[in-house]
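As structure tokens, the structure follows; a few thoughts come after it.
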There are 2 protein chains.
Amino acid sequence: MNTTFGEYIRLLRNKNELTLTQLAAKLNLDSANLSKIENGKRDFDEKRLPKLAEIFKLDLTELRNEYVTDQIGKHIYETNCTKQLLQVAEEKAEYRRTLKEKAL
Amino acid sequence: MNTTFGEYIRLLRNKNELTLTQLAAKLNLDSANLSKIENGKRDFDEKRLPKLAEIFKLDLTELRNEYVTDQIGKHIYETNCTKQLLQVAEEKAEYRRTLKEKAL
DNA sequence: TATAAATTTGTCAATAAATGACAAGTCTTA
DNA sequence: TAAGACTTGTCATTTATTGACAAATTTATA
């Protein structure tokens, strides 16, 4: 899925022919704020993922993967992290996993 | 550098034979909080990177790379992001770059 | 074109998260 | 065992995020 998470929500919303107001209500969210989310001006709050999955009958795990990759993608983008540095970051994540093991 | 950023600071501090109190003072920071940073219980505040580079005579760009890869590595770790998903995240970062271009 | 719905933008108070500060504890070592 | 070094816990302060609402602007339609 090569969109931001906000664009993804908009896609889902349009496909299901819901207005901002309608979807916002289902998500227990202000429609103005949902607009900002779709336009990438605010983040979608992770705690609403289950509700979002329910509304559009999506697999929660997959949806969470969409969310996580969006968040990390954003982080990569905002920090100007190159592919080379990303490789280093991945190694550091791996290192943290080994730390965790040792702690047990 | 396969350490967390906190461990890296500790390494630098030990190599230069400074106590927590001494380094903390140079960084204008409480020594108890520096201890937490070194032990991964708090984050180092990005705005202190220039000072840190100055203290240890490091290249700021390289230091910032250490910092960024640590942060993203932590993000990857905390979200249990697999290599496969990380690839997706990288593509999404790339997508954001194209969005930015279009906006100009 | 008028008007109604849909969406966007701006603002600010409320809430949540990060940081600073300090006291009290443990660990080292001289 | 006393002093210095480090760690941990707590809490007030600061900063960032979110919720809520008013006021545009845009889009669709009569």
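Chain naming here is simple, since letters A, B, ... match the order of the sequence lines and numbering starts at 1 in each. These values consider heavy atoms only, across backbone and side chains, with no hydrogens, waters or symmetry-generated copies.
- Between A/N39 and A/R10 there is a side-chain heavy-atom pair separated by less than 4.5 Å.
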Summary of protein contacts for nucleotides 24-30 of chain C, nucleotide by nucleotide, where a base hit scores B, a sugar-phosphate-only hit scores S (4.0 Å, heavy atoms): -------
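- Interatomic distance, CG of B/D45 versus NZ of B/K51, reported as 14.0 Å (0.5 Å rounding).
- The hydrophobic clustering, which links ILVMFWY residues whose side-chain heavy atoms are closer than 4.5 Å, places A/V88 and A/I76 apart.
- Side-chain atoms of B/D70 never come within 3.5 Å of backbone atoms of B/T4 as a donor-acceptor pair (strictly under, hydrogens ignored).
- A donor-acceptor pair shorter than 3.5 Å cannot be found between the side chains of A/Y8 and A/E38.
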Under 4.0 Å protein heavy-atom contacts per nucleotide of nucleotides 3-22 of chain C, with B for base, S for backbone only and - for none: ---SSBBBB-------BBBB
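- Here the P atom of nucleotide D/dC6 and the CD atom of B/E7 are 16 Å apart, to the nearest Å.
- Judged by distance alone, the side chain of A/R13 and the main-chain N or O of A/L18 form a donor-acceptor pair under 3.5 Å.
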Full working for side-chain hydrogen bond (donor to acceptor under 3.5 Å, both in side chains) between A/Y67 and A/E62: CA-CA 9 Å; A/Y67 183 79; A/E62 294 227 356; over 6 Å; no
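- Ion pairing between B/E101 and B/R96 fails under the 4.0 Å rule for side-chain N and carboxylate O.
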